[in-house]
*Asks:* 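Can you keep this structure in mind? I'll have questions shortly.
To find a chain, count down the sequence lines: A is the first, B the second, and so on, and within it residues start at 1. These numbers come from the heavy atoms of this one structure, side chains and all, not from hydrogens, waters or symmetry mates.
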There are 2 protein chains.
Amino acid sequence: MNMMGKIAPALPDLEPGHPCFDCAVRELAVCGVLEAAALRAFKSSGPTVHYKAGDTVVFEADEAANVYSLTAGLLRLSKLLPDGRRQIAGFLFPGDFLGITMEEEHAFTAEAVAPSTLCKFPRSRFDQMVASNPQLERRLYAVAAHELAAARQQLVLLGRKTATERVASFLLMISGRCTTRQGAEIDLPISRIDMADYLGLRIETVSREISALKVARVIQLTGRQTFRIIDRNRLDQLADGE
Amino acid sequence: MNMMGKIAPALPDLEPGHPCFDCAVRELAVCGVLEAAALRAFKSSGPTVHYKAGDTVVFEADEAANVYSLTAGLLRLSKLLPDGRRQIAGFLFPGDFLGITMEEEHAFTAEAVAPSTLCKFPRSRFDQMVASNPQLERRLYAVAAHELAAARQQLVLLGRKTATERVASFLLMISGRCTTRQGAEIDLPISRIDMADYLGLRIETVSREISALKVARVIQLTGRQTFRIIDRNRLDQLADGE
DNA sequence: CGCGATCCTTGATCTGCCTCATGAATCGAG
DNA sequence: CTCGATTCATGAGGCAGATCAAGGATCGCG
């Protein structure tokens with residue numbers, strides 16, 4: 001079912017003045033499959049919106065009236081149980097799509113973890129665009145299939161992995177998705193609480209596990225929000241329970 | 001993104017002699033969106049295959065050379081960690097589709113829990129059918145979105161629910177998907193071990209929780225593979241941690 | 001640069017579920 | 001039917017991670 005390669009097909013550059021001209025994630029996002037004219041029409045159907053850290057983009061049980069493409073920042077998808085327990089189902093990085101659902105309401109709350117920018121589209125207009133752009137539909141399917149694989153991988157982590165394995169797996173995931181700065185320094189834009197709620201642990205356990213990795217010289221904390229991987233092989237082993 | 005209703009669109013009955021004439025799940029399965037001629041071409045591209053309980057349909061890390069539609073029986077999707085820990089990511093019921101992935105290899109093993117019948121399609125032929133049948137693509141997207149929602153719901157269960165809540169949630173899910181016999185007797189075609197590996201628990205814990213529900217007169221065990229819900233409200237409460 | 005708020009770390013103790021062990025119920029084969 | 005194999009139930013004890021508690025680091029703001 002190879003409907004798309006790992007990377008979006010290369011498209012000719014947009015002319016200056018096109019609303020998406022300086023979008024950093026155009027080829028990464030679902031928009032990546034649209035050519036200039038279709039993209040212009042697409043973008044014109046909705047505004048660009050900004051949220052600051054902590055803001056709610058969509059609330060679970062809200063009507064799913066819009067879909068979004070994240071161009072900058074970081075979101076979390078979470079669900080709250082009646083007594084306050086919270087589970088984070090995933091994070092959205094720039095280029096990710098928000099709104100894969102066939103239901104009338106959102107099943108999860110989406111909140112900004114960092115200041116975020118999104119392209120917002122009314123669902124009705126979006127559905128029209130999808131209907132008239134087969135390659136957009138194909139891309140959406142690819143995105144959904146990818147998210148499904150990621151969610152199932154996370155089921156293994158939550159159902160069967162130990163605290164050490166969970167935290168090691170998480171740091172590896174982050175190292176793959178977050179900007180590496182000079183000297184292999186990795187940005188960790190997620191608080192201990194969010195890590196805990198994503199990994200099915202408590203904040204104290206996450207903190208202890210990170211400390212243990214530091215003491216064992218597997219990682220190095222270079223700031224509260226940055227770290228370095230010292231022993232990548234060991235971290236891989238710990239993540240897989242070897 | 002209302003590309004499909006809850007139920008597949010009603011199609012004219014097939015003529016006797018059509019290979020899918022007496023398929024019990026045609027409208028439920030992805031095939032449901034195809035009309036008689038397209039369906040005939042579709043079905044002719046692959047055989048019907050049978051597996052007995054315990055057989056492996058696809059092995060994780062196998063090349064994803066085929067896709068399947070389950071017409072009868074029950075499958076489990078599972079993953080094994082190096083040391084033998086196992087997590088079941090989900091079950092497939094008749095009408096469900098096996099093979100949503102953009103990867104070259106399957107990420108999970110699919111095994112028959114009960115004797116099962118599947119329509120098997122070479123991926124290349126299937127991709128052709130998808131490319132020439134937009135409604136099939138739309139349906140696949142709907143299926144993927146639905147599976148994604150289910151997987152994320154399971155993340156909440158595995159990350160944050162107690163053993164009691166997990167088992168109660170599971171029994172409710174089963175009661176919604178499995179054939180109710182006379183007297184509200186519900187079929188429970190899944191062993192304690194499979195329940196445990198699906199719920200992120202050990203078999204002894206599942207057994208104890210079921211016993212506790214029995215003692216509390218919330219359910220009644222009418223056989224090893226069948227039960228009755230005596231107090232549905234209470235079971236709902238227990239599932240949600242109220 | 002001083003102050004409160006927030007986030008993070010660390011220690012002590014507790015507990016829900018796991019592990020280990022055993023026997024009972026059920027099932028299939030002969 | 002009987003017998004062995006498998007699945008399920010239940011008890012006793014242990015442990016990974018939760019909970020409770022306290023202090024330290026970092027940040028935003030006047």
*Asks:* Can a donor-acceptor pair under 3.5 Å be found between the side-chain atoms of Arg224(B) and the base atoms of dT7(D)?
*Replies:*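 Indeed, a donor on one side and an acceptor on the other fall under 3.5 Å apart.
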
*Asks:* Is any side-chain heavy atom of Leu98(B) closer than 4.5 Å to a side-chain heavy atom of Val57(B)?
*Replies:*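 Counting from C-beta outward, Leu98(B) and Val57(B) do come under 4.5 Å.
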
*Asks:* With heavy atoms under 4.0 Å as the rule, sort Gly223(A) into base, sugar-phosphate or nothing.
*Replies:*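 If one applies the 4.0 Å heavy-atom cut-off, Gly223(A) turns out to touch nothing in the nucleic acid.
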
*Asks:* Using whole Å, report how far CD1 of Ile193(A) lies from P of dT9(C).
*Replies:*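 About 12 Å, once rounded to whole Å.
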
*Asks:* Between Ser191(B) and Arg208(B), name the one whose nearest nucleotide on DNA chain D is closer to the 5' end.
*Replies:*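 Between the two, 5'-proximity favours Ser191(B).
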
*Asks:* Taking only side-chain nitrogens and oxygens of Ser207(A), does any of them come within less than 4.0 Å of OP1 or OP2 of dC8(C)?
*Replies:*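 False: Ser207(A) side-chain N/O out of range (4.0 Å or more) of dC8(C) OP1/OP2.
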
*Asks:* Round to a whole Å and report the spacing from CZ of Arg202(A) to C1' of dT15(C).
*Replies:*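 Nearest whole value for this atom pair: 14 Å.
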
*Asks:* Using whole Å, report how far CG of Leu158(B) lies from C1' of dG17(D).
*Replies:*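 Taking atom C1' of dG17(D) as the reference, CG of Leu158(B) is at 17 Å.
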
*Asks:* Rounded to the nearest angstrom, tell me the gap between atom CG in Asp83(B) and atom C1' in dT19(C).
*Replies:*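 Taking atom C1' of dT19(C) as the reference, CG of Asp83(B) is at 15 Å.
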
*Asks:* Check this one for me: any side-chain N or O of Thr162(A) less than 4.0 Å away from OP1 or OP2 of dA16(D)?
*Replies:*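 Answer no for this pair, as no side-chain N or O of Thr162(A) is under 4.0 Å from OP1 or OP2.
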
*Asks:* Verify whether the ring centers belonging to Phe126(A) and Phe97(A) lie closer than 6.0 Å.
*Replies:*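 Between Phe97(A) and Phe126(A), which both carry aromatic rings, the centre distance is below 6.0 Å.
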
*Asks:* Can you confirm whether more than 12 heavy atoms, excluding those of Ile193(B), are under 6.0 Å from its CD1 atom?
*Replies:*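 No, because the 6.0 Å sphere around CD1 of Ile193(B) holds 12 heavy atoms or fewer from other groups.
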
*Asks:* Looking only at side-chain N and O atoms, does Thr205(A) come under 4.0 Å of OP1 or OP2 in dA18(D)?
*Replies:*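 Yes, because at least one side-chain N or O of Thr205(A) sits under 4.0 Å from OP1 or OP2 of dA18(D).
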
*Asks:* Does anything in residues 205-222 of chain B pair up under salt bridge (charged side-chain N to carboxylate O under 4.0 Å, His left out), and if so which pairs, sequence neighbours excluded?
*Replies:*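 Qualifying pairs, neighbours excluded: none.
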
*Asks:* Is it the case that the ring center of Phe91(A) lies less than 6.0 angstrom away from the ring center of Tyr198(A)?
*Replies:*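 Yes: the rings meet the under 6.0 Å criterion.
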
*Asks:* Does any donor-acceptor pair link the side chain of Glu204(A) with the base of dC20(D) at a separation under 3.5 Å?
*Replies:*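 Result: at least one qualifying N/O pair found.
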
*Asks:* Would you mind telling me which residue lines up with the more 5' stretch of DNA chain C, Arg160(A) or Arg192(A), judged by nearest nucleotide?
*Replies:*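 Nearest-nucleotide comparison on DNA chain C picks Arg192(A).
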
*Asks:* Going by modelled atom types, is there a donor-acceptor pair between the base of dG17(D) and the side chain of Arg166(A) at under 3.5 Å?
*Replies:*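 Absent.
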
*Asks:* Given atom CD1 of Ile203(B) and atom P of dA9(D), what is their separation to the nearest angstrom?
*Replies:*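 About 8 Å, once rounded to whole Å.
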
*Asks:* Round to the nearest Å and state the distance from Phe227(A) atom CZ to dC8(C) atom P.
*Replies:*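 In whole Å, dC8(C) P lies 14 Å from Phe227(A) CZ.
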
*Asks:* Look at all strands and tell whether Leu201(A) reaches a base, only sugar-phosphate, or nothing, counting heavy atoms closer than 4.0 Å.
*Replies:*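 Sugar-phosphate: the residue Leu201(A), judged by heavy atoms under 4.0 Å, touches backbone atoms but no base.
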
*Asks:* If I take atom CG in residue Leu221(A) and atom P in nucleotide dG24(D), what distance separates them, rounded to the nearest angstrom?
*Replies:*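 Value for this atom pair: 19 Å.
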
*Asks:* What integer distance in Å separates Glu209(A):CD from dA16(D):C1'?
*Replies:*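 Atom CD in Glu209(A) sits about 10 Å away from atom C1' in dA16(D).
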
